[in-house]
*Asks:* 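Questions regarding the structure given below will be posed in turn.
Not measured: the values here are computed from a predicted model. Here, residue 1 is the first one in the sequence, and each next residue gets the next number.
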Amino acid sequence: MQTDSSSSDISSNNAGRARRRKRLTEATSDNNKANEPNLLVNDQNKYKSMLIRTYSSLWMMAGFVLVIYMGHLYIWAMVVVIQIFMARELFNLLMRVNEARRLPWFRLLNWHFFFTAMLFTYGRFLSHHLVNTVTTDKLLYKLVSALVKYQMLICYFLYIAGFVWFILTLKKKMYKYQFKQYAWTHMILLLVFAQSSFTVATIFEGIFWFLLPASLIAINDVAAYFFGFFFGRTPLIKLSPKKTWEGFIGASVATIFSAFLLARVMGSFKWLTCPRKDLSTGWLDCDPDPMFKPEYFSLGEWVPKWFPWKDVGILPVQWHALALGLFASIIAPFGGFFASGFKRAFNIKDFGDSIPGHGGITDRMDCQMVIAVFAYIYHQSFIATQNFSVETILDQILRNLTFEEQLTLYEQLGLIFHERQLAQG
């Protein structure tokens, strides 16, 4: 009996020591893991996510290049499709299934306000392009001129119709939900149209002013991802735990450098630099703006004698591209931080699942909307000429005068020119 009890004591002691050694080993390994650099590259699960994200990005880039090649009108159509997807994702954010079943027409009311806002926004920007497109057909020209003239009135009464519709659909015990949805709808319209509508206005000033800022945001996003993936270890902001200072700084340098080079490449193509005055899809040819004509600087003593290039040509627009690159790398990411805080407020990971590895359309457009406004304002402030040109005056005549008034103007101009010729003779 004593032998059995002593052997059992020995075995229990051995088992206890084994358990203690195992716990000590596990604690040591945990401490070693904690002391390792907190790099995303050490997380093997991230490689699968990176591959999915890369494939999706390549498909999006291919589609984007195709749309750019097709021209201004198709880029505008792409922007409209993106806005519809963004609105759908944001409408779904506060939609409750039970309440939505009791209000079957309320979702349709949201879209009524959406398309009314679209008509109002794009009508202001593109009315003169539409008039220039249909000038050859007298009947169609009169119809379009009338629509342009009364566009604001039409939009106003469409909005009033939606307002009355909302009041008539109010239901007892659901007032709070309905008014919350009404306010949410207007916030979406402000968020989507007040910023992205500037994109369309910029497109017709030249695809360059749309393509360059959009490309810089994409470059900044990709560079921040890869710099953070391989080198990130210092958290940047609490709203986005995966964002790191290494990714932010590395992406900023890459974006500014890319802005200078991309402006040189894009500025060499008339398809990208020529403005579009109508809604046609034909090929463009124009005299390049001075911004897109190279200025040559002598390298002089800066290079050795055997160096083949003695001067370098720089487009003036490349210096402006540096400002866009600076904004895209430092300010525009805060659009993404805003979206991150917004998602945290609603306790969601992504706005949708339209793009594998990226989330929803809204997840990709947060920074794009911020730089779209800046690109338009920068272009109007520092690039666009403020002087009245012949094309601008003709646009005003075609938009605001009837056909009979235009004939009268033509006859009066003829008389003025005739009198001047007699005076000079």
*Asks:* For side-chain hydrogen bond (donor to acceptor under 3.5 Å, both in side chains), just list the numbers for T244 and T234, CA-CA rounded to whole Å, side-chain angles, deciding distance to a tenth of an Å, and then say yes or no.
*Replies:* CA-CA 5 Å; T244 62; T234 310; over 6 Å; no
*Asks:* Using every non-hydrogen atom in the two residues, find where L272 and M266 come nearest and quote the distance to one decimal.
*Replies:*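 In terms of heavy atoms, the two residues are closest at CD1-O, 3.8 Å.
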*Asks:* Check whether any side-chain heavy atom of S354 lies under 4.5 Å from a side-chain heavy atom of M86, and answer yes or no.
*Replies:*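 S354 does not reach M86 side chain to side chain.
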*Asks:* So which atom in I219 and which in A254 form the shortest heavy-atom distance, rounded to 0.1 Å?
*Replies:*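 For I219 versus A254, the nearest heavy atoms are CG2-O, 4.5 Å.
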*Asks:* Using the benzene-type ring in the case of Trp, are the ring centres of Y182 and Y177 under 6.0 Å apart?
*Replies:*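 Ring centroids of Y182 and Y177 are no less than 6.0 Å from each other.
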*Asks:* Between F193 and F120 (judged by ring centroids, cut-off 6.0 Å), do the two rings come close enough to count as a pair?
*Replies:*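 No, the ring centres sit 6.0 Å or more apart.
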*Asks:* Can you name the nearest heavy-atom pair linking E405 to L401, along with the distance?
*Replies:*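 Between these two residues, the closest heavy atoms are OE1-CA, 3.3 Å.
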*Asks:* Is N347 reaching over with its side chain to a backbone N or O of R344, donor-acceptor style, under 3.5 angstrom?
*Replies:*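 No: the side chain of N347 does not pair with the backbone of R344.
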*Asks:* For the CD1 atom of I237 and the NZ atom of K242, what is their distance to the nearest 0.5 Å?
*Replies:*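 So the CD1 of I237 and the NZ of K242 are separated by 16.0 Å.
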*Asks:* Under the side-chain contact (heavy atoms from CB on, under 4.5 Å) test against I207, which residue among F269, Y69, W271 passes?
*Replies:*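 Testing each of F269, Y69, W271 against I207, the sole residue satisfying side-chain contact (heavy atoms from CB on, under 4.5 Å) is W271.
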*Asks:* State whether a side-chain donor-acceptor pair under 3.5 Å links R107 with N92.
*Replies:*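 A pair is found: one side chain offers a donor N or O, the other an acceptor, under 3.5 Å apart.
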*Asks:* If you round to the nearest 0.5 Å, how far is OH of Y150 from SG of C155?
*Replies:*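 OH of Y150 is found 15.0 Å from SG of C155.
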*Asks:* Please work out which of the three classes, parallel, tilted or perpendicular, describes the rings of F198 and Y376, given edges at 30° and 60°.
*Replies:*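 Taking F198 first and then Y376, their aromatic rings sit tilted (interplane angle of 30° to 60°).
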*Asks:* Is the count of non-hydrogen atoms from other residues, nucleotides or ligands lying under 6.0 Å from K293 atom NZ greater than 12?
*Replies:*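 Result for NZ/K293: enclosed.
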*Asks:* Compute the centroid of each ring, for H112 and then for Y159, and state whether the two points are separated by less than 6.0 Å.
*Replies:*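 Aromatic pair excluded; centres sit 6.0 Å or further apart.
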*Asks:* Rounded to the nearest 0.5 Å, what separates atom CG in D221 from atom OG1 in T255?
*Replies:*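 Reported to 0.5 Å precision, the distance equals 9.5 Å.
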*Asks:* What pair of heavy atoms forms the shortest contact from Q181 to F106, and how long is it?
*Replies:*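 Where Q181 meets F106 most closely, the heavy atoms are CB-CE2, 3.2 Å.
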*Asks:* Over all heavy atoms of both residues, which pair between K270 and P288 is shortest? Give the atoms and the distance, please.
*Replies:*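 Heavy atoms only, the tightest pair is CE-CG, 4.2 Å.
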*Asks:* Applying the ring pair (Phe, Tyr, Trp, His ring centres under 6.0 Å) criterion to H320, which one of F327, Y378, W209 satisfies it?
*Replies:*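 Passing option: Y378.
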*Asks:* So, for C367 and P333, which heavy atoms are closest and what is the spacing to 0.1 Å?
*Replies:*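 Between these two residues, the closest heavy atoms are SG-CA, 3.9 Å.
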*Asks:* Run the side-chain hydrogen bond (donor to acceptor under 3.5 Å, both in side chains) test on S298 and D311 for me, step by step, so that the C-alpha distance in whole Å, both residues' side-chain angles and the decisive distance to 0.1 Å come before the verdict.
*Replies:* CA-CA 4 Å; S298 176; D311 52 16; over 6 Å; no
*Asks:* From E205 CD over to H72 NE2, what is the distance, rounded to the nearest 0.5 angstrom?
*Replies:*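 It comes to 9.5 Å.
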*Asks:* Would you confirm whether Q178, through its side chain, and K171, through its main-chain N or O, come within 3.5 Å as a donor-acceptor pair?
*Replies:*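 Yes: the side chain of Q178 pairs with the backbone of K171.
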*Asks:* What distance separates M365 CE from I82 CD1, expressed to the nearest 0.5 Å?
*Replies:*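 Taking CE in M365 and CD1 in I82, the distance rounds to 4.5 Å.
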*Asks:* Can you spot which of T199, I371, T202 makes a side-chain contact (heavy atoms from CB on, under 4.5 Å) with P213?
*Replies:*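 Among the candidates, only I371 passes.
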*Asks:* Please report the interatomic distance CG(L93) to CZ(R88), rounded to the nearest 0.5 Å.
*Replies:*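 Output value for this atom pair is 12.5 Å.
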*Asks:* Taking only residues two or more places apart in sequence or in another chain, which ones pass side-chain contact (heavy atoms from CB on, under 4.5 Å) with M187?
*Replies:*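 For M187 the side-chain contact (heavy atoms from CB on, under 4.5 Å) partners, ignoring immediate neighbours, are W184, F342.
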*Asks:* Say whether S329 and N220, considering side chains only, have a donor N or O and an acceptor N or O under 3.5 Å apart.
*Replies:*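 No.
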*Asks:* Using the ring centroid of each side chain, check whether F334 and F337 are separated by less than 6.0 Å.
*Replies:*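 Yes - the distance between ring centres of F334 and F337 falls below the 6.0 Å cut-off.
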